[in-house]
Amino acid sequence: MAIVTISRGSMSGGEALANCLAAKLGYPILGREVLVEAAARLGVPEEVLREKIQTSVGLIERLTTDRRVYLVALQSALADKCVSGDLIYHGNAGHFLLKDVPNVLRVRLIAPMAMRVRAVVEQQGLTPEAAEEYIRYVDQERIEWTKFVYGVDWRDPRNYDVVVNLQRISLDSACAMLSGILKTPAYATTEEVKKKLKDFALGCRVKVALVAKPICQRCRFDVRADDGMVEIYWQPGTTGASSKPPEAIEEDIRRAAKRVDGVKEVTVHSRESSSSGRAA
């Protein structure tokens, strides 16, 4: 089986689709719970974490340090839930948080505005006009947020494996279609896939350990794990640079990584420019 991420606009049936797939496949479902887990890891209230990762970017031109820390924690909490290989996630930015993870079916769900308006009216008691205004506002916030954080357009179909339009296909039909895809050999959770998931989760836990250290918070990291062997590529931040020499920072990085459960050996590399401009 596989991991499923469901991306959709506000009130577009994502949770209903997740519940349908879970009933057919016996998969666990994860939504806002991952926020609770990530907040617990950082020792902050869930509301604080939600505000940091979902508030509008406004006129900010770079990702603030604390928001980056929270995003890393969110990714790590989600990665740990994926180790078994079977999961349906309908929460925040799953297809981006799990970008490098194998065996993920990335689903984009599109619903007609009339359906979404009815859902908001029923749930929040707004007028149809106010409900549509609310939906357009939330959608625009998500578009700006994902462009700012990940450098991509959230609506771009190239970010997904399957795009489902509920104006042309029913929710039950979509559920049956996706269930059929997930049962194909291409989405089998092999031992190789399980290893990659475990390595990814370990790498994420190392990133959390690194960004939690004040000396490392303004640095950028790429972390690669392979059976407990961890390679860390780090890059100093462009602002607020530490007065510590690079050798001392690397030793801090090495010590922090070695304290993470599951890490056997750590190799640290420095570089002037990261191969991934949006590394943690």
Side-chain angles (χ1 to χ4, degrees), residues 3-25 27-40 44-58 67 70-71 74 77-78 81 87-98 105-149 153-155 157 159-160 162-179:
I3 299 161
V4 184
T5 64
I6 300 174
S7 174
R8 78 284 184 207
S10 179
M11 299 296 179
S12 294
E15 187 171 359
L17 178 59
N19 288 331
C20 182
L21 287 170
K24 282 184 174 293
L25 301 170
Y27 282 22
I29 299 176
L30 188 63
R32 65 173 292 274
E33 300 91 336
V34 75
L35 280 171
V36 176
E37 173 66 24
V44 300
E46 178 196 351
E47 293 75 17
V48 172
L49 178 61
R50 186 184 298 276
E51 179 184 1
K52 289 296 182 183
I53 66 172
Q54 292 184 344
T55 48
S56 171
V57 299
R67 184 180 290 190
Y70 294 144
L71 283 170
L74 181 65
L78 180 56
K81 299 294 185 182
L87 181 71
I88 300 169
Y89 178 65
H90 62 91
N92 187 74
H95 54 302
F96 295 124
L97 294 170
L98 301 178
L105 181 65
R106 299 164 178 85
V107 179
R108 172 83 164 98
L109 192 61
I110 301 172
M113 181 59 75
M115 170 185 163
R116 301 171 69 188
V117 167
R118 284 196 302 271
V120 174
V121 169
E122 292 173 5
Q123 187 177 99
Q124 301 187 21
L126 300 177
T127 65
E129 294 77 14
E132 182 170 347
E133 183 178 351
Y134 166 80
I135 289 168
R136 294 190 186 282
Y137 171 79
V138 173
D139 282 357
Q140 187 60 37
E141 289 286 287
R142 290 182 178 179
I143 290 167
E144 293 177 5
W145 187 85
T146 51
K147 279 186 178 179
F148 178 69
V149 177
D153 190 332
W154 164 63
R155 301 161 297 179
N159 295 318
Y160 308 95
V162 178
V163 178
V164 177
N165 187 345
L166 293 181
Q167 189 163 10
R168 302 187 178 277
I169 185 171
S170 70
L171 192 68
D172 286 341
S173 296
C175 182
M177 176 185 70
L178 294 172
S179 298

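When a residue number appears, it is its place in the shown sequence, counting from 1.
The main-chain N or O of N159 is never found under 3.5 Å from a side-chain atom of R108 such that the two would form a donor-acceptor pair.
Here the options are R136, E141, R142, Q140, the test is side chain to side chain contact (heavy atoms under 4.5 Å, CB included), and the partner is V138; only R142 passes. Just one residue in the list T5, V107, I6 forms a side chain to side chain contact (heavy atoms under 4.5 Å, CB included) with I88, and that residue is I6.
Here the side chains of L78 and L87 are in contact, with some heavy-atom distance below 4.5 Å. Side-chain contact between L17 and R8 is absent, with no heavy-atom pair separated by less than 4.5 Å. Considering only heavy atoms from C-beta on, I143 comes within 4.5 Å of R155 through its side chain. Within the 4.5 Å cutoff, the side chain of E133 has no heavy atoms near those of the E129 side chain. The shortest distance between side-chain heavy atoms of R106 and F96 does not fall below 4.5 Å.
A search for side chain to side chain contact (heavy atoms under 4.5 Å, CB included) contacts involving S179 returns L21, K24, L25, C175, not counting sequence neighbours. Under the ring-ring contact (aromatic ring centres under 6.0 Å, His included) criterion, H90 pairs with no residue, sequence neighbours left out.
When every heavy atom of S173 is checked against every heavy atom of I169, the shortest pair comes out as CB-CG1, 3.5 Å.
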Show which side-chain atoms of residues 109-124 pair as donor or acceptor with protein atoms under 3.5 Å away, not counting sequence neighbours.
from	atom 1	to	atom 2	distance (Å)
R116	NE	S10	O	2.8
R116	NE	S12	OG	3.1
R116	NH1	D139	OD2	3.1
R116	NH2	S10	O	3.0
R116	NH2	D139	OD1	2.9
R116	NH2	D139	OD2	2.8

